[in-house]
Amino acid sequence: MRYVDELRDATAVRRAAEAVHALVTRPWTLMEVCGGQTHAIVRFGIDELLPAPLTLLHGPGCPVCVTPVAVIDQAVAIAATPGVVLCSFGDMLRVPGSSTDLLAQKAAGADVRVVYSPLDALAVAERHPERQVVFLAVGFETTAPATAMAAHEARRRGLGNFSLLVSHVLVPPAMEAILAEPRRRVDGFLAAGHVCTVMGLDAYRPLAARHRVPIVATGFEPLDILQGIHMCVRQLEEGRAEVENQYARSVRAAGNAAARAMVEDVFEIVPQTWRGIGEIADSGLRLRAAYAAHDARRRFDVGDIRGREAADCRSGEVLQGLLVPTACPAFGTRCTPETPLGATMVSSEGACAAYWRYRRLAPSWPTATST
Ligand code: SF4
């Protein structure tokens with residue numbers, strides 16, 4: 001724990017915040033991409049330590065939150081199929097589909113199991129050759145290698161009873177879409193450090209150059225985030241737009257070549273729908289034809305299921321930094337973690353969940369967008 005303690009040390013955090021104050025001469029708007037960073041910012045009050053001209057927006061980096069309603073509906077339909085074991089991460093069970101969720105299916109008798117890794121689901125398939133085992137695979141570039149490994153191993157071991165319902169998404173195309181959004185100006189990004197650990201930094205260089213935005217690979221502790229902000233603001237103040245690495249204890253410029261190769265072997269890049277946001281070109285992963293035997297959409301014929309999002313959930317705006325969660329009329333009334341209308345209120349990385357957990361008792365909620 002010594003390392004984490006150092007990164008949360010109050011004196012060091014205060015000094016880092018003072019360094020940001022000393023640097024800022026005019027208004028800048030930064031977006032932290034990852035929901036883990038959002039939770040740290042809200043939990044530790046990092047935004048409240050910053051100088052007024054500096055605005056932080058929360059980005060789309062919560063993979064559970066951006067999983068389309070249609071995928072939840074497909075998972076629900078598969079889970080309801082006799083003889084199926086549906087496995088996924090715990091957060092996915094409470095994500096609302098069009099009319100129900102996986103937890104309700106489990107309560108109704110479906111065999112829905114929480115696992116910590118796709119390889120755990122693979123082990124279930126090996127132990128139960130008489131059952132069809134499906135892993136609902138969501139996540140960014142960070143978790144895609146483990147899903148790819150599961151597909152690779154299933155094929156190698158000839159596990160005909162294991163398949164994947166894939167909804168992996170890619171971060172750089174989403175950042176590109178945010179920069180193209182005319183209602184929002186993002187001057188710089190704190191990129192998600194764990195994604196960069198896998199992907200490296202090169203994928204961000206064209207983005208930084210094309211849109212003239214600094215991008216800083218940033219970690220998840222208070223000191224990480226303040227250092228990432230400092231590096232980003234320093235670039236802006238000096239008129240630079242480069243890719244820099246605050247999270248050097250984990251991120252190498254080249255990323256993890258073995259993990260990327262595994263993903264490349266198993267997946268191809270396709271357009272992907274992001275919940276609340278819509279389709280983003282080249283932002284998703286699909287199993288290659290060589291792995292079609294392990295594609296749950298083919299095995300269960302659920303590819304045509306189309307989802308319906310809750311009309312009064314504004315998570316799409318939250319995920320693009322256009323709305324502070326507490327400005328959503330449903331926040332804390334019709335929408336709570338017990339009665340969620342959207343995934344951003346359910347996920348442990350969701351912005352609405354962060355505000356519910358750490359800010360709902362504040363004397364007055366922020367109720368407007370930050371700019
Ligand atoms: S508070 Fe609830 S309804 Fe509003 S945007 Fe968040 S998840 Fe959707």
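- Looking at heavy atoms from C-beta onward, P60 lies out of side-chain contact with M175 at the 4.5 angstrom threshold.
- Side-chain contact between R131 and V84 is absent, with no heavy-atom pair separated by less than 4.5 Å.
- Between D224 and R249, at least one side-chain N (NZ, or NE/NH1/NH2) sits under 4.0 Å from a carboxylate O, which counts as a salt bridge.
- F189 and V171 fall within a single hydrophobic cluster, where Ile, Leu, Val, Met, Phe, Trp and Tyr side chains are chained together by heavy-atom contacts under 4.5 Å.
- Hydrophobic clustering (ILVMFWY, side-chain heavy atoms < 4.5 Å, transitive): I72 and I277 are in distinct clusters.
- The pair E18-R15 does not count as a salt bridge, with every side-chain nitrogen at least 4.0 angstrom from each carboxylate oxygen.
- Note: F331 CZ to T344 OG1 = 10.0 Å, rounded to the nearest 0.5 Å.
- With respect to the salt-bridge test (charged N to carboxylate O, under 4.0 angstrom), the residues E176 and R210 qualify.
- Checking side-chain atoms of Q105 against main-chain N and O of D101 turns up no donor-acceptor pair under 3.5 Å.
- We find the CG-CG distance between L236 and L30 to be 6.5 Å, quoted to the nearest 0.5 Å.
- With R275 as the partner, the side chain to side chain contact (heavy atoms under 4.5 Å, CB included) test is satisfied by one option alone out of V169, V95, L319, V71: V95.
- Comment: D265 does not engage R288 in a salt bridge, judged by the lack of any side-chain N to carboxylate O separation of less than 4.0 angstrom.
- Judged by distance alone, the side chain of T100 and the main-chain N or O of P96 form no donor-acceptor pair under 3.5 Å.
- Ring pair Y355/H58: centre-to-centre distance below 6.0 Å.
- In this structure, R14 has no side chain to side chain donor-acceptor pair (under 3.5 Å) partners at least two apart in sequence or on a different chain.
- The structure places SG of C196 at 12.5 Å from CZ of R252, a figure rounded to the nearest 0.5 Å.
- Put simply, L285 and V270 are part of two different groups of oily side chains (I, L, V, M, F, W, Y) that touch within less than 4.5 Å, one to the next.
- Between S167 and T67, the shortest heavy-atom distance links the atoms OG-CG2, 3.9 Å.
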May I have the step-by-step check of side-chain contact (heavy atoms from CB on, under 4.5 Å) for R8 and V13, ending in yes or no? CA-CA 7 Å; R8 296 180 181 180; V13 165; 5.7 Å; no
For Q246 and T218: C-alpha separation, side-chain torsions, deciding distance, then whether side chain to side chain donor-acceptor pair (under 3.5 Å) applies. CA-CA 5 Å; Q246 181 280 327; T218 303; 4.8 Å; no
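- Of the possible donor and acceptor atoms, none in the side chain of D91 sits under 3.5 Å from a partner among the backbone N and O of S347.
- With contacts defined as side-chain heavy-atom distances shorter than 4.5 Å, the pair F300/S163 qualifies.
- D282 approaches L170 most closely through the heavy-atom pair O-CD1, 3.8 Å.
- Counting only distance, with no hydrogens or angles, the side chain of Q74 and the backbone of L165 share no donor-acceptor pair below 3.5 Å.
- I41 approaches L56 most closely through the heavy-atom pair CD1-CD1, 3.8 Å.
- Looking at Q235 and E244, their side chains do bring a donor and an acceptor atom within 3.5 Å of each other.
- In this structure a side-chain-to-backbone donor-acceptor pair under 3.5 Å is missing from R359 to A354.
- Across I280 and A174, no two heavy atoms sit closer than the pair CD1-CA, 4.1 Å.
- Relative orientation of the F162 and H294 rings is tilted, given thresholds of 30° and 60° on the angle between their planes.
- Taking 4.5 Å as the limit, some side-chain heavy atom of R94 sits within range of a side-chain heavy atom of P340.
- E237 places a side-chain N or O within 3.5 Å of a backbone atom of T25 that can act as its donor or acceptor partner.
- Side-chain atoms of V195 and Y204, non-hydrogen and from C-beta on, do get closer than 4.5 Å to each other.
- Taking every heavy atom of both residues into account, I225 and Q37 meet most closely at CD1-O, 3.9 Å.
- Using a 4.5 Å heavy-atom threshold, the side chains of R157 and E126 count as touching.
- Partners of F220 by ring-ring contact (aromatic ring centres under 6.0 Å, His included), not counting sequence neighbours, listed by chain and number: H194, Y247.
- The side-chain heavy atoms of L201 and V251, taken from C-beta on, include a pair separated by under 4.5 Å.
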Stepwise side-chain contact (heavy atoms from CB on, under 4.5 Å) test for N161 and L159: CA-CA 5 Å; N161 67 327; L159 279 178; 3.8 Å; yes
Going through the distances and angles, do L179 and L207 end up as a side-chain contact (heavy atoms from CB on, under 4.5 Å)? CA-CA 9 Å; L179 289 168; L207 202 60; 4.3 Å; yes
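- Tracing side-chain contacts under 4.5 Å through hydrophobic residues (I, L, V, M, F, W, Y), one never reaches F89 starting from F140; they form parts of separate clusters.
- The backbone N or O of S348 sits nowhere less than 3.5 Å from a side-chain atom of R357 that would complete a donor-acceptor pair.
- A distance of 14.0 Å separates CZ of R298 from OH of Y291, quoted to the nearest 0.5 Å.
- At most 12 non-hydrogen atoms from other residues, nucleotides or ligands lie less than 6.0 angstrom from CE of M149.
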Would you please test M31 and L190 for side-chain contact (heavy atoms from CB on, under 4.5 Å) and show each step? CA-CA 6 Å; M31 174 176 277; L190 306 185; over 6 Å; no
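- Once rounded to the nearest 0.5 Å, the distance linking CG of L23 with CD1 of I229 reads 11.5 Å.
- For T55 and T29, the side-chain atoms include no donor-acceptor pair closer than 3.5 Å.
- Between T336 and W356, the side chains place no donor N or O within less than 3.5 Å of an acceptor N or O (distance only, hydrogens not considered).
- One finds the CG atom of L341 at 9.5 Å from the OG atom of S315 (value rounded to the nearest 0.5 Å).
- With a 4.5 Å cut-off on side-chain heavy atoms, V114 and L93 count as touching.
- Scanning for ring-ring contact (aromatic ring centres under 6.0 Å, His included) contacts around H168 gives F267, with sequence neighbours left out.
- If you chain together hydrophobic residues whose side chains sit under 4.5 Å apart, V85 and V138 fall into the same group.
- Counting only distance, with no hydrogens or angles, the side chain of D9 and the backbone of E6 share no donor-acceptor pair below 3.5 Å.
- Pairing each heavy atom of T273 with each of P68, the nearest pair is O-CG, 3.1 Å.
- Between the side chain of S98 and the backbone N or O of R308, at least one donor-acceptor pair lies under 3.5 Å.
- Put simply, the side chain of D120 gets close to the backbone of Y116: a donor and an acceptor are under 3.5 Å apart.
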